[in-house]
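Reminder, nothing fancy here: chain letters follow the sequence lines and each chain counts from 1. Both backbone and side-chain heavy atoms feed into the values below; hydrogens, waters and symmetry mates do not.
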2 protein chains.
Amino acid sequence: METRERLTTAMAELLWERGYAATSPRDVLARAGVGQGSMYHHFDGKHGLAVEAMERVVADLLAPSALLADGDGSPLDRLKRYLSLPRAGTRGCRVGRMTQDPQVVADAELLGIVAGAFDTMLGRWSDAIADAVAAGELPASTVPDDLARTLAAVIQGGYVLARAQGAQEPMDAAIRGAVALLDAASAAARAATSA
Amino acid sequence: METRERLTTAMAELLWERGYAATSPRDVLARAGVGQGSMYHHFDGKHGLAVEAMERVVADLLAPSALLADGDGSPLDRLKRYLSLPRAGTRGCRVGRMTQDPQVVADAELLGIVAGAFDTMLGRWSDAIADAVAAGELPASTVPDDLARTLAAVIQGGYVLARAQGAQEPMDAAIRGAVALLDAASAAARAATSA
DNA sequence: GTCTATACCGGGATAGAC
DNA sequence: GTCTATCCCGGTATAGAC
């Protein structure tokens with residue numbers, strides 16, 4: 001059990017640092033500190049190991065999005081708080097990153113895990129946005145599914161900008177700009193309501 | 001001259017379809033229809049060929065962003081029009097894509113080209129946003145550099161979402177949501193001005 | 001300048017000893 | 001279950017003929 005765990009952990013780390021295609025079984029074995037054969041005893045190969053590693057990564061990453069549904073404050077506060085969670089931009093998103101890897105996109109099983117993660121995530125965004133609209137914090141004309149994709153895109157795009165510049169700042173700036181936009185939209189909603 | 005051109009064109013296409021790491025000199029030569037040695041006659045290898053190909057791609061991609069500075073309509077109209085330009089989401093951004101490739105990020109020259117492209121792009125966004133603020137179409141509190149990064153991130157993130165789902169729709173939805181947010185912010189700005 | 005042939009290395013998987 | 005040794009293939013670069 002120990003060895004299996006070490007392998008998935010090592011694979012998850014390397015998937016983040018280098019991506020799927022750029023990670024070789026050799027690298028994984030070296031980091032896990034196990035011999036060549038162990039990986040093929042526990043898994044069918046690089047693919048199977050990556051599947052198990054990604055399933056764990058997705059589960060970990062989806063956990064904090066519970067903040068969108070629960071927690072203190074108004075729905076809009078929860079949206080802004082989740083948006084503003086610290087994110088190490090230059091390291092990239094462990095899930096979104098996979099999307100640019102041709103070998104991942106060509107692999108139905110891996111792509112399915114990634115697609116499922118985004119589905120779940122976007123559903124949570126949509127629900128929280130619908131709550132904010134119902135509370136009169138966002139304009140009644142807001143389309144929750146659209147705005148959910150916009151906000152998820154700001155985060156994913158923030159990673160892209162941060163990596164392009166090799167700096168955290170573009171990510172933080174993108175989030176600040178999105179929060180400011182939400183505040184302005186909220187002001188417009190309140191003005192319309194009181195009219 | 002002919003051969004050199006065929007090589008950079010083939011490399012640019014493959015960079016888009018498969019990324020840098022996943023593109024082999026073999027692939028490029030096959031697509032360009034030239035022999036093995038030609039590439040090493042004109043370039044120092046895969047790296048040099050990719051540099052020249054990316055420089056051309058960046059120049060092509062930056063051209064339409066002139067729409068942000070010129071064109072009909074108010075500054076806000078121009079922002080919305082540029083945002084709404086058709087983009088094939090599932091194919092990904094030819095420049096932003098590079099950002100997730102470990103071999104590109106580790107390559108100072110290639111990364112420099114990518115970083116420079118984003119610098120130029122973001123500057124144009126910022127200028128157009130500042131124009132919109134000056135025209136009273138966006139709140140005076142707007143930070144142009146922040147919003148520029150937000151909008152660029154929506155586009156880049158839209159590509160990520162589209163590829164994750166294997167569909168164009170998430171990209172279009174993300175853009176619609178951003179445009180709606182801009183409209184709401186604009187309404188708030190006008191309300192504040194007339195107050 | 002362009003071609004074919006070839007060298008070298010590392011990715012990915014297997015065999016089989018312990 | 002885990003290890004080492006080995007195999008095959010393709011990525012990348014070079015040699016050298018035409």
### Query
Taking the side chain of B:Ser24 as its heavy atoms from C-beta onward, which of C:dA13, D:dT14, D:dG11 lies nearest to it?
D:dG11

#### Entry: First encountered from the 5' end of DNA chain C, between A:Asp27 and A:Asp44
A:Asp27

### Distance, rounded to the nearest Å, where B:His41 contributes NE2 and D:dA13 contributes P
17 Å

### Query
Any side-chain heavy atom of A:Met39 within less than 4.5 Å of one from A:Val34?
no

#### Entry: Separation of D:dA13 C1' from B:Phe43 CZ (nearest whole Å)
16 Å

#### Entry: Spacing between A:Glu5 atom CD and D:dG1 atom C1', to the nearest angstrom
17 Å

### Contact nearer the 5' end of DNA chain C, comparing A:Gln103 with B:Val34
B:Val34

#### Entry: Cation-pi check, B:Arg87 onto B:Tyr82 ring (under 6.0 Å, within 45° of axis)
yes

### Message
Reading DNA chain D from 5' onward, which residue's closest nucleotide shows up sooner: B:Ala21 or A:Gly35?
### Response
A:Gly35

## Note on the structure
In whole angstroms, the gap separating P of D:dA13 from CE of B:Met39 amounts to 6 Å

### Query
Taking only N and O in the side chain of B:Thr3, is any of them less than 4.0 Å away from OP1 or OP2 of C:dG1?
no

### Task
Cation-pi check, B:Arg4 to B:Phe43: give yes when NZ or CZ is under 6.0 Å from the six-membered ring centre and within 45° of the ring axis, no otherwise.
yes

### Message
Check A:Glu17 with A:Arg31, please: is the shortest side-chain N to carboxylate O separation under 4.0 Å?
### Response
yes

### Task
Nearest whole angstrom, please: distance from the P of C:dT6 to the CZ of B:Arg26.
14 Å

#### Entry: Short N-O contact, B:Glu137 and B:Arg78, less than 4.0 angstrom
no

#### Entry: For atom CG of A:Leu29 and atom P of C:dG12, their distance in whole Å
11 Å

### Task
Quickly work out the B:Tyr20 OH to D:dT12 C1' distance and round it to whole Å.
10 Å

### Query
Looking at D:dT12, C:dG1, D:dA13, which one has an atom nearest to any side-chain atom of B:Gln36?
D:dA13

### Task
Indicate whether OP1 or OP2 belonging to D:dT14 is found under 4.0 Å from a side-chain N or O atom of B:Tyr40.
no

### Query
Just to confirm, is there a sub-4.0 Å distance from OP1 or OP2 of D:dT2 to any side-chain nitrogen or oxygen of A:His42?
yes

### Message
Taking the minimum atom-to-atom distance to the side chain of A:Ser38, which one of C:dG11, D:dC3, D:dT12 wins?
### Response
D:dC3

### Query
Can you check the B:Leu7 CG to C:dG1 C1' distance for me, whole Å?
12 Å

